[in-house]
Amino acid sequence: MSSNLIKQLNEITDLGSLDIFSEKSLTPYDPLIISFTSALSKQLMAPESQHISELVALGFWLRENNIIKEFQHQFTCIRKPVGMVVHYTPANVDTMFVYSWICSLVCGNRNLIRLNSRLSELQNVLLNCISSVLAKPEFEAVAKTNAFIQYDKSLNELAIKISRSADARVLWGGDASVMAIRQLPIKPRCRDISFSDRYSASILNGDELSAENIKDVAEHLYRDIHPFNQQACSSPKIIFWKGSATLQPEVLNFLDKKFSTNMSVTLKNEQLVMLQSMAVEGEIRQAFTHNSLLSIEIQSGASIDVTRHNGQFSIWIVPIRRISELNDYCDDKLQTLTYWGINKEELVKFLSSTSIHGIDRLVPLGQALSFSSQWDGYSLVDQLTKIVSVE
Amino acid sequence: MSESSYQQYLGTLFEAGTNTIDQSQKSAILLECFRFLHQHHYANCEEYQRITSLSQVKFDRYEDLPFLAVRLFKLYELKSVPQTEVFKTLSSSGTTGQTPARIFLDKQTSARQSKVLVNIMQSFIGKQRLPMLIIDSPAVLKNHTLSARGAGIQGMAFFGRDHTYALNEDMSLNVDAITQFSEKHQGKPVLLFGFTFMVWLHFIKALQQRNLQLPFTDGVLIHSGGWKKLTEQQVSNQVFKETLKEVTGIAKVHNFYGMAEQVGSVFVECEKGHLHAPPFADILIRNPYTLEPQSNGESGLIQVLSMIPTSYPGYSLLTEDMGTVLGEDNCDCGRLGRFFRVEGRLPKTEMRGCSDTAGSTHE
């Protein structure tokens, strides 16, 4: 079904077949768009969508109440769409690109969404949902202003033409692929929103743990770590463990038990490679291999190389005594910090210091993957609209 | 155990061959050797020491020995001798886009590799040096750092004489060379060697396309290098053998399983179609979901053990190949020890997440 939705472009003239170039943009925060996102929400949470947790999470975010809460207050001034937004999506799903697409849609833009040539199973289910909602007659205006396309990147002229048509580009990808796309020519006033390589962490206060709350903490950690095989930018890879470590083994055991038995056949080998590489680098103080989880306590003072962490349900534990010790780890690649048992004001105070380059998102433990239109240090609504100033 | 007893054990195994020493005798000897190798690498390779310090090492059984992920040799330069003693560096061919593994050999390890390979191969093809047709181009030996392909050819060249290369540099058939070789050695015992996929695509298929028939009814083919590409083309070992016989007359074929990280101690396919652990090496199967040892008959990740490497810490490696041990001491071919089959590579890890854009994937 999703094949109806996706247009395969093989040459420049194929662009002529897309309505999107001749259509006008919608109105920002248009009731039609809100009713479209609500319909998509229902479709994603319907049984046909196979209860895939990433899709349910997306569907939950798209609920009408939530969309109103997220966006209404941002459209009190006069905003206009920027026009045409080209989205370069990640190779494997990741529903993340849908969040940024929806933000752009709510802003009234026309959207050209470039998909990877090979679609995963989850991606197919997702695109089928989108396709069936867009096919409804009442959403014809949305369907005409949003196009899902695929083309081979070796078709350079086509890639240039598409890039040149953009008033804004949303780039999901690793540093190298983002830089490659940024080589393409653009309009002088084109805005680029780049979601490049980032990683995330959690901070936990061991002194606040007790027999009553460890299960709860493990549950929240699981919610942060499990989605997207811990490979999303906002999935925590490091836990800064403040204070007592007495209950740490129990928290980790509870966390480990949360993972299903349906593991990837490559998981343990990947964990072994990570573990042994870090041992070679002298980064490990001690390590525990659980059923699914690998936990590694980092040698104190070791400078850690997060590029070695590729998810795989592995957590690197950095024991700290004071919040200020985060200073050594807060480079500008650090995106989200989820926290538990720590005084928020204290963290905010620490973050506000100009010497801290990283962390542009501070949310309670368990909400690492809850998308918001303020993401990666950007306000997406500001980026994807033009503000009309009136005096 | 001291180095001298390690050498002594090595001598014992050279004499023993595959027909006189059974699994329990063999594992007792090998375990002693691995104990020595562990201590040797622990003392001489800091990286090995750091890795194996993570957990307690016991020596009651093979299963307790530490093992390194084979990928580490792609990520780090691991050696247990000073750089000044490195006499040769091997690099694995590696899939495109990947860093190749680098294996550092000193004179002793290199000599041991050759000696062991000779011992194993002679038990399959005899001691006589046969006229040899190499299914490759001579250009493969030209590079300064020896590729695994080049090293494999160099190692095998020892078993032949009158070396003739069957392919041109562009992988096309060198018909003149093949014709001359055939006319000279028609019907006589000859040895052919090449990498599985190249033998199939650039030799067997190329001969078929040209309607060429070779007269090697008394020939033997040794080949190695993995079945992945052939499986993709749905070519089974049986089809491979049948087509080879049609085109060249060769009925004796020995595939072998080996890797750049453990050159020398190869696992050769017997007349019954089973891969055999030679006296100098062994295999274990581990459950990919737990890395715990599997019983015979259960499929899993292949761990290879070899008593050869002293210049680099590669005596016990967890490969990314899947396989099953089929039996011990009871193969119909009469060879003792473990025999097994290889079932292909562990699939590539699925990478998800924000850090890979559609723009960056290409194969």
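Note: hydrogens, waters and symmetry copies are ignored here, and every other heavy atom, side chains too, is used. The sequence lines fix the lettering, A, B, ..., with proteins before strands; numbering per chain opens at 1.
Counting non-hydrogen atoms of other residues, nucleotides and ligands closer than 6.0 Å to NZ of K333(A) gives a total above 12. For E232(B), the CD atom counts as densely surrounded, since its 6.0 Å shell holds more than 12 non-hydrogen atoms of other residues, nucleotides or ligands. Counted within 6.0 Å of CD on E46(B), heavy atoms from surrounding residues, nucleotides or ligands total 12 or fewer; the atom is thus considered open.
Rounded to the nearest 0.5 Å, atoms CG (L272(A)) and CD (E320(B)) are 9.5 Å apart. In this structure, Q276(A) CD and L78(B) CG are separated by 10.0 Å, a value rounded to the nearest 0.5 Å. Atoms CG and CG, on L275(A) and L54(B) in that order, are 5.0 Å from each other to the nearest 0.5 Å. Summarising the geometry, atom OG1 belonging to T266(A) is positioned 9.0 Å from atom OH belonging to Y289(B); distances are rounded to the nearest 0.5 Å.
Neither the backbone nor the side chain of Y48(B) comes within contact range of chain A, judged by heavy atoms closer than 4.5 Å. Looking at I284(A), the atoms closer than 4.5 Å to chain B (heavy atoms on both sides) all sit in the side chain, from C-beta outward. If you measure heavy-atom distances from E281(A) to chain B, the contacts under 4.5 Å come from both the backbone and the side chain. Using a 4.5 Å cut-off between heavy atoms, R308(A) touches chain B through its side chain atoms alone.
Between R71(B) and E270(A), at least one side-chain N (NZ, or NE/NH1/NH2) sits under 4.0 Å from a carboxylate O, which counts as a salt bridge.
When every heavy atom of T290(B) is checked against every heavy atom of K268(A), the shortest pair comes out as N-CG, 4.1 Å.
The most heavy-atom pairs under 4.5 Å with chain A, out of L72(B), L318(B), T52(B), L75(B), come from L72(B). Interface remark: of the candidates G282(A), G311(A), S154(A), S292(A), G282(A) forms the most heavy-atom pairs closer than 4.5 Å to chain B.
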